[in-house]
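Step one of this worksheet: look at the structure below.
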Amino acid sequence: MKPLVFLSLVGLVLTGLPYQGLFHGQGRHGLVDHGAHRAHQHAGVAVPADTGYPDVTTEYFTQKVTHFDDTNKDTYPQRYRHNNHYNKNNNIVFLLIEGESEASERWAGYEGYQWLQMAKDHGADAFQLEHRCFGKSRPYEDLSNTTLEYCLVEEALEDIASFIQGMNDKYQYKNPKWVTFGGSYPGFLSATFRSIHPELTVGAVASSAPITLTFDTWEYAWSMEETFRTIKDCAEAIQRNTKRIEDSFTHAQQMTLDVQQRKTLNAKLHLNPPLTDDTPYIEIDNFLYNVFAVFQDIVQYTGDGRNDATKNGKGVTELCKLMTTNDDPIDKLWNVIVWSNQMDLETVTTINHQEFPNSYDDFITYLRNDTFDDEADGLPQASNRGWLWLQCSQLGLQQSTDQGRNIFGQILPINYFLRMCKDGFGDVQMSAANQYARTSALRKKYGTGNYKATNVVLPNGSFDPWHKLGFYTPDEENGVVPVYIDGTAHCADMYEAYPGEPAGLDAARKIIKDNVAKWLA
């Protein structure tokens with residue numbers, strides 16, 4: 001919500017445990033639980049439903065399957081959580097909008113998160129709404145393409161409207177003052193909802209929200225390069241002839257073109273399956289993306305305070321140190337991969353027990369699974385399938401390196417993502433022409449970047465690659481307040497404060513809190 005960006009496509013395995021980084025620019029579970037999801041996911045089991053928040057109740061709201069076809073009378077139970085611990089019966093109500101993952105109980109109950117701190121300050125009733133087609137909020141019993149046609153941004157926005165009206169009726173709020181919160185894709189929903197339904201809320205906080213939707217988001221890689229060039233000594237390291245990041249990525253790509261060099265890549269990066277003389281080009285692209293995704297994960301979440309790894313040094317500075325430790329470009333990539341994995345696992349595992357799964361076919365098979373996660377192995381393939389559907393069918397946000405000269409080279413063409421969407425959902429629905437047409441339609445409706453609303457705060461971190469799609473034109477008269485936070489990452493303003501966090505976060509949080517207080521006055 002992560003922020004928008006994502007398991008590198010297949011991931012790195014340490015002694016049989018899956019590496020969990022990013023999946024298409026999004027955190028593996030959207031907004032990240034501090035360890036709860038990670039520990040259970042590495043164990044290969046589902047996250048327990050109850051993680052110990054006695055003030056949080058889990059309930060279901062009867063929601064229309066579609067808000068745009070009166071002939072379809074079907075409904076589904078949409079899951080939400082209610083925390084009334086801070087409620088002072090003053091008709092102030094906060095809503096955390098969830099997005100491309102199962103809604104986590106911790107985000108409804110852990111007081112360290114900023115939205116709940118503000119709920120405490122203002123005596124607000126607090127709700128968390130799960131996004132349709134994720135977690136337990138299921139319009140139909142599977143995630144077939146037919147079902148996914150109801151898993152659209154427009155439907156999700158009207159779900160929010162229907163939910164607010166339903167809670168107003170249920171709890172008999174008198175002239176309620178609702179404030180919505182969201183980060184990453186839910187940040188986009190929070191901002192957009194405020195624009196199209198101003199009558200239902202008094203304001204919105206939209207953290208790391210991509211306000212300008214682009215199908216080919218090459219700006220993501222561009223921003224990564226800019227971030228590397230802001231870290232002390234990193235720009236110098238990039239520019240040295242023998243220690244440039246671009247040497248590693250360009251060299252790896254060049255090595256894939258030679259059969260003997262592929263054998264070297266297999267040995268140094270422990271590829272499984274290995275690259276051979278008849279490996280198709282789509283597998284080469286997949287390999288390069290898997291490596292790139294590790295770097296994405298590190299940059300996007302640098303210093304965001306979401307878990308112990310980012311609090312304790314998983315970030316761009318340490319990455320740059322590893323990229324300057326020796327002159328072998330491929331060894332440097334492997335060092336970063338291993339370090340990132342170990343930071344996430346919070347354990348040390350010897351290099352001899354590691355491998356880098358790299359099968360595009362396996363990944364597509366995984367994506368085509370249209371069952372929900374609790375019907376399979378407890379891992380988030382349903383969330384991944386749902387998120388990729390939103391990208392392919394409406395949002396775009398595919399992170400190519402097609403921006404021209406850059407430190408990563410031309411390793412990720414947009415055709416790789418077009419092919420993935422087609423292979424994941426079928427030639428008819430996801431032809432290249434249909435992908436462009438569908439994403440263009442949503443962009444014209446909500447994502448042109450010409451954002452108009454009242455009472456909205458839009459924080460973005462300079463290290464977050466998604467900030468390139470943010471909104472930065474203040475409108476004092478209408479209370480539109482962009483907040484650019486130097487040296488911070490994706491949704492960093494939403495997490496709890498911690499010692500040693502980036503200096504700009506405290507001031508940014510004050511701006512957010514001051515504006516929320518003004519809306520509620």
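When a residue number appears, it is its place in the shown sequence, counting from 1.
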> Where do Asp514 and Lys518 land on the salt bridge (charged side-chain N to carboxylate O under 4.0 Å, His left out) test, with the steps shown first?
Replying inline: CA-CA 6 Å; Asp514 286 350; Lys518 183 167 63 175; over 6 Å; no

> Are the side chain of Glu501 and the backbone of Lys311 linked by a donor-acceptor contact shorter than 3.5 Å?
Replying inline: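 Pair absent, no side-chain N/O of Glu501 close to backbone of Lys311.
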
>> Using only atom types and a distance under 3.5 Å, with no angle test, would you say the side chain of Arg385 pairs donor to acceptor with the backbone of Leu367?
In response: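 Here the side-chain-to-backbone pair exists.
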
Is it the case that [X] places NZ or CZ above or below the six-membered ring of [Y], under 6.0 angstrom from the centre and within 45 degrees of the axis?
X	Y	result
Arg306	Tyr301	yes
Arg138	Phe372	yes
Lys177	Trp519	no

Flag the pair [X] / [Y] as yes when at least one side-chain heavy-atom distance between them is below 4.5 Å, and no otherwise.
X	Y	result
Asp493	Thr488	no
Val65	Glu155	no
Ser162	His67	yes
Thr310	Met343	no
Lys321	Glu318	yes
Leu152	Trp389	yes
Thr473	Phe471	yes
Arg194	Ser190	no

Indicate whether the side chain of [X] and that of [Y] have a donor and an acceptor atom separated by less than 3.5 Å.
X	Y	value
His82	Tyr171	yes
Thr217	Glu219	no
Thr58	Glu105	no
Tyr220	Gln398	no
Gln114	Glu496	no
His122	Asn90	no
Tyr185	His131	yes
Glu130	Gln78	no

> Would Glu102 and Lys136 count as a salt bridge (charged side-chain N to carboxylate O under 4.0 Å, His left out) if you check the C-alpha gap in whole Å, the side-chain angles of each, and the deciding distance to 0.1 Å?
Replying inline: CA-CA 7 Å; Glu102 180 178 358; Lys136 300 293 186 182; over 6 Å; no

To the nearest 0.5 Å, what is the distance between [atom1] on [X] and [atom2] on [Y]?
X	Y	atom1	atom2	answer
Lys445	Leu213	NZ	CG	12.0 Å
Leu388	Asn384	CG	CG	8.5 Å
Ser195	His197	OG	NE2	10.5 Å
Gln63	Ile160	CD	CD1	9.5 Å
Phe417	Gln391	CZ	CD	8.5 Å
Ser207	Tyr495	OG	OH	10.0 Å

> In terms of ring plane angle, is the pair Phe295 and Phe228 parallel, tilted or perpendicular, where the classes change at 30° and 60°?
Replying inline: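 The rings of Phe295 and Phe228 stand perpendicular, inter-plane angle above 60°.
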
> Parallel, tilted or perpendicular: which describes the rings of Trp178 and Tyr173, with under 30° parallel and over 60° perpendicular?
Replying inline: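 Perpendicular: the ring planes of Trp178 and Tyr173 meet at over 60°.
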
> Near Lys170 NZ, under 6.0 Å, is it more than 12 heavy atoms from other residues, nucleotides or ligands?
Replying inline: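 Counting neighbours around NZ of Lys170, more than 12 heavy atoms of other residues, nucleotides or ligands fall under 6.0 Å, so yes.
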
> Is it true that atom CG of Asp506 has more than 12 heavy atoms of other residues, nucleotides or ligands lying nearer than 6.0 Å?
Replying inline: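 It does not: Asp506 CG has 12 such atoms or fewer within range.
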
>> Please determine whether salt bridge (charged side-chain N to carboxylate O under 4.0 Å, His left out) holds for the pair Lys314 and Asp297, giving the CA-CA distance in whole Å, both sets of side-chain angles, and the decisive distance to 0.1 Å.
In response: CA-CA 10 Å; Lys314 183 182 178 183; Asp297 179 45; 2.6 Å; yes

> Quick check, are the ring centers of Phe215 and Tyr436 under 6.0 angstrom apart?
Replying inline: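 For Phe215 and Tyr436, the ring centres are under 6.0 Å apart.
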
> Do the two ring centres, one from Tyr110 and one from Tyr53, sit under 6.0 Å apart?
Replying inline: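 Not under 6.0 Å, so no.
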
>> If I compare all heavy atoms of Phe61 with all of Gly166, which pair ends up nearest, and what's the gap?
In response: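 Looking at all heavy atoms of both residues, the closest pair is CE1-CA, 3.8 Å.
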
> Only one of Gln117, Lys120, Glu111 forms a side chain to side chain donor-acceptor pair (under 3.5 Å) with Tyr86, so which one is it?
Replying inline: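 Result for side chain to side chain donor-acceptor pair (under 3.5 Å) with Tyr86: Glu111.
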
> Pick from Asn91, Asn83, Asn84: which one makes a side-chain contact (heavy atoms from CB on, under 4.5 Å) with Asp125?
Replying inline: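 The option that passes is Asn84.
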
>> Apply ring-ring contact (aromatic ring centres under 6.0 Å, His included) to residues Phe94 and Phe181 and explain how you reach the verdict.
In response: CA-CA 8 Å; Phe94 287 179; Phe181 298 82; 5.1 Å; yes

> So, Glu149 and Arg438, do they make that salt bridge, N to O below 4.0 Å?
Replying inline: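 The answer is yes: the pair qualifies as a salt bridge.
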
